[in-house]
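Throughout, numbering of the chain's residues begins at 1 and tracks the sequence.
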Amino acid sequence: MLTLMCVGTSLFYLELPIMHFGYFILHLFSIANKNIIIDFLTYKHLNNIVILHCNRPSDIIYIQKLFYKKNIQVKTLEIRSNNTSYQISSNKSKVGIVLDTSCDGWSQIFTSFVTENIFKTFIWTIMTDNLSATAHVLNQQPIDIDSDVIIACRNGEIYRLYEVYNTGYYSNGTYKLNEVGFWDNEIIINKSFRRDLSGVILKCPVVITEKVENETYVDYLVKSRKPHIDSLHKLKFFTMLLYLQDMYSYSYDFKRVLSWGYNRNGSFDGLVGALQRQEADLSGSSLFFRSDRAAFIDYIIETWTSRQCFIFRHPKHPGAFYTIYTRPLTPEVWYCILGMLVVSATILGLMFKLKTQRTNDAESSFSLAILFSWSAICQQGMGIQSRTMMVSMKITILVIFVYALTLYQYYNAIVVSTLLHESPKNIRTLEDLLKSNIKAGVEDVLYTKDYFTRTTDPIALEMYSKKIATKNHYNFFEPSYGMALVKQGGFALHVDSVVAYRIMRETFTERENCELQEIEMYPPQKMGVAVKKWSPYKEQITYGIRKMFESGILRRLKSVWDVPKPPCVSTPDSSVFSVSLREVSIAFICLIVGVILSVFVLMCEILVHRVNGKRVEFRN
């Protein structure tokens, strides 16, 4: 449907509904050139055209009939030399424009479109007899490297085809005019990749969160003496940018920013903000793929995956240290042992009472029976001074010792194996880590802080409030300091695995590496390259990085900068199977408590004895 609006005598608007096959707009230049027009439409896969013409109405009718026979839908609109405006709705389809420079006012048509970025939105073919004059006019237009503008210069019955573009209209680029093919009864066009950007300077913001002193940003990126800091964003990505620079012969204007870009009151700061405001061309650091950013910048290709996780030395005994001695037996077994101790002591005590009535033996108290049963369980034994011992008592004592020996052998073997062998790692989820007595912290980076402000995961929020940002502690650390706490044990650090692995290889022992456990708070995040909206360099950058993927360059960069996880190889070294003082501390604590308790009871007995002695003297 064609809608033509006229305001006064000078303003025209053309609004076209765009179908899935696209539209083509043609300024009719000559009926004799119909063949090249049809061939060009076929080459561009366009079967709907709009003719902007300066021909007679009879010629237009003839052209319409001609194109209808070729199944090409035609709409026409006359070009006038006065002030005329064209508004074309293109939606998602490409729109082609063919322009004949023989019409008056052809050079002003570029300013007559209401639509912005006409050289990005439309496909242009410009028919001319004077190549130099036409190229001079186009040199003043913002034809970027991603534009599709073809000049068809007539030379007798043959048309020479030239592509025209600027390597960087707003970036001190170079105007290019390259021959790409010809038409001689058929169109022959060679595909042009436009790899030479001829010294274009791309503005490239780089995220640098550390303090830089006595060196430039480039020197800091290339010669950093701390390669484990922010390696994903700083080293691998920067090296990849240098490869792209060599491939396309352009250069960078690096600018430092302090963040990757987060929404602050409706606008973004940092790297994303610079791209959003059209102050930068290309991201100098890789970015996480996020929907809120995608509305203001263009993600063009994925590079690497970043994996953050909690890393900690799994405690050999996840509970308190007393569990070393209680874990070999279940609570039900412990209750049975206690019950057997009471039952055996009671039976033995009753036998002592019965023996006392017959032999008047003084050693017949229930406390003696309990002490005897306990000593049997502990494999110590206790002599009973008795002039005569009944057969029943001997049987009871024998059964108690057999029971105690069997229990002791099993219990002792389990305790020893628990101390000397690796225990199962039962802290496997974020909830398990939250419930454990392990302290936690996170790497001091902005994207982790932003995650805690946006997440709705109740376990992550509880982890943050209880272990990371409490009233007394704010556990955000540099990776080197945080991993030193992990090395000491009892601490979990949320950090990028690549950063942590490099520190672990330099500072951790093999035994400590074998004790490490990893728990992800969220899945690994994909990272990619971003450019500003309507960037003309999307195709070049995408092609360059894909080429590096295919050739193995990115895989090599990953192998150079990303340190793999340190291996854990079990060896017969005795240091691996040693028992520390902390693990047997409960035994020493029991001994100390028993000594203190016995001394206290001794003092009470002495005091009671003296009081009773004075009472006897007073009565006498």
(request) Tell me, please, which residues at least two apart from Tyr408 pass ring pair (Phe, Tyr, Trp, His ring centres under 6.0 Å). (result) none
(request) Check whether the ring centres of Phe268 and Phe296 lie less than 6.0 Å apart, and answer yes or no. (result) yes
(request) Return the minimal non-hydrogen interatomic distance between Lys449 and Tyr474, and the atom names on each side. (result) CE-OH, 4.0 Å
(message) Students often mix this up, so state it plainly: with edges at 30° and 60°, are the rings of Tyr252 and Phe254 parallel, tilted or perpendicular?
(response) tilted
(message) Is there a side chain to side chain contact (heavy atoms under 4.5 Å, CB included) between Phe310 and Met463? Walk through the geometry before answering.
(response) CA-CA 12 Å; Phe310 280 103; Met463 173 72 74; 4.3 Å; yes
(request) May I ask you to decide if the ring planes of Tyr464 and Phe476 are parallel, tilted or perpendicular, using 30° and 60° as cut-offs? (result) perpendicular
(message) According to side chain to side chain contact (heavy atoms under 4.5 Å, CB included), who are the partners of Ser147, at least two apart in sequence or on a separate chain?
(response) Phe119, Ile143, Asp144, Val149
(message) Applying salt bridge (charged side-chain N to carboxylate O under 4.0 Å, His left out), can you list everything that pairs with Asp292, at least two apart in sequence or on another chain?
(response) Arg290
(message) Between Tyr411 and Trp334 (judged by ring centroids, cut-off 6.0 Å), do the two rings come close enough to count as a pair?
(response) yes
(message) Can you give me the closest heavy-atom contact between Tyr250 and Leu241, atom names plus distance?
(response) OH-O, 4.5 Å
(request) Would you name the heavy atoms of Met483 and Val495 that are closest together and state the gap between them? (result) SD-CG1, 4.3 Å
(message) Looking only at side-chain N and O atoms, does Asp298 offer a donor or acceptor that is under 3.5 Å from a partner on Ser535?
(response) no
(request) Tell me, with the steps shown, if Thr174 and Asn166 meet side-chain hydrogen bond (donor to acceptor under 3.5 Å, both in side chains). (result) CA-CA 5 Å; Thr174 303; Asn166 197 311; over 6 Å; no
(message) Just so I know, are the side chains of Ile145 and Tyr165 near enough to count as touching, which here means a heavy-atom distance under 4.5 Å?
(response) yes
(request) Flag the pair Arg307 and Glu518 as a salt bridge only when some basic side-chain nitrogen lies within less than 4.0 angstrom of an acidic carboxylate oxygen. (result) yes
(request) State, yes or no, whether a side-chain contact exists between Pro564 and Tyr501 at a heavy-atom distance under 4.5 Å. (result) no
(message) Checking Tyr522 against Gln308: is there a side-chain donor and acceptor pair closer than 3.5 Å?
(response) yes
(message) Has Lys487 got a side-chain atom pairing as donor or acceptor with Thr507's backbone, closer than 3.5 angstrom?
(response) yes
(message) How close do Lys533 and Ala295 get, counting heavy atoms only, and between which atoms?
(response) CE-O, 3.6 Å
(request) Give every residue pair that meets the side chain to side chain donor-acceptor pair (under 3.5 Å) criterion with at least one member in residues 264-274, sequence neighbours excluded. (result) Ser259-Asp269, Arg264-Asp269
(message) Looking at every non-hydrogen atom in both residues, tell me the closest pair between Ile427 and Gln517 and how far apart they are.
(response) O-NE2, 3.2 Å
(request) Flag this pair as yes if the NZ/CZ of Arg293 is under 6.0 angstrom from the six-membered ring centre of Phe288 and inside a 45 degree cone about the axis; otherwise no. (result) no
(message) Please check: side-chain N/O of Thr455 versus main-chain N/O of Tyr451, any donor-acceptor pairing under 3.5 Å?
(response) no
(message) Test of understanding: with salt bridge (charged side-chain N to carboxylate O under 4.0 Å, His left out), list the residues that count as partners of Lys466, not counting sequence neighbours.
(response) Glu462
(message) Does the Lys NZ or Arg CZ of Lys236 fall within the cation-pi geometry relative to Trp304 - under 6.0 Å from the ring centre and within 45° of the axis?
(response) yes
(message) For Lys558, is there an ion pair with Asp562 - N to carboxylate O distance below 4.0 angstrom?
(response) yes
(message) Between the side chains of Glu550 and Arg546, is the shortest nitrogen-to-carboxylate-oxygen separation below 4.0 Å, so that they form an ion pair?
(response) no
(message) Check this for me: Arg256, atom CZ, are more than 12 non-hydrogen atoms of other residues, nucleotides or ligands nearer than 6.0 Å?
(response) yes
(message) Between His314 (side chain only) and Arg428 (backbone N and O only), is there a donor and an acceptor less than 3.5 Å apart?
(response) no
(request) Kindly say whether Val595 contributes a backbone atom to a donor-acceptor pair with the side chain of Ser598 at under 3.5 angstrom? (result) yes
(request) Write down the atom of Pro524, the atom of Thr305, and the distance for their closest heavy-atom approach. (result) CB-CG2, 3.5 Å
(message) Could you go through Leu275 and Val531, starting from their C-alpha distance and side-chain angles, then the distance that decides it, and tell me whether this counts as side chain to side chain contact (heavy atoms under 4.5 Å, CB included)?
(response) CA-CA 7 Å; Leu275 295 174; Val531 294; 5.6 Å; no
(message) Regarding Asp146 and Lys538, does a basic nitrogen lie under 4.0 Å from an acidic carboxylate oxygen?
(response) no
(request) Using modelled atom types only, decide if a donor and an acceptor are shared between the side chain of Asp450 and the backbone of Leu446 within a distance under 3.5 Å. (result) no
(message) Treating Thr429 as the side-chain partner and Asp432 as the backbone partner, does any N or O pair qualify as donor plus acceptor under 3.5 Å?
(response) yes
(request) Check the pair Asn475 / Val442 against side chain to side chain contact (heavy atoms under 4.5 Å, CB included), numbers first and verdict last. (result) CA-CA 6 Å; Asn475 296 335; Val442 297; over 6 Å; no
(message) For Gly544, is there any backbone N or O sitting under 3.5 Å from a side-chain donor or acceptor partner on Arg195?
(response) no
(message) Please check this pair: side chain of Ser171 against backbone of Gly168, looking for a donor-acceptor N/O pair closer than 3.5 Å.
(response) no
(request) Inspect the contact between Glu506 and Arg502 and indicate whether a charged nitrogen and a carboxylate oxygen are less than 4.0 angstrom apart. (result) no
(message) Donor-acceptor pair, distance only, cut-off 3.5 Å: does the side chain of Thr167 make one with the backbone of Gly173?
(response) no
Identify all side-chain donor-acceptor contacts of residues 196-206 below 3.5 Å with residues at least two apart in sequence or on another chain.
unit_1: Asp196; atom_1: OD1; unit_2: Ser198; atom_2: N; d: 3.0
unit_1: Ser198; atom_1: OG; unit_2: Lys176; atom_2: NZ; d: 3.1

(message) Using modelled atom types and a 3.5 Å cut-off, is there a donor and acceptor pairing between side-chain atoms of Lys532 and backbone atoms of Ala274?
(response) no
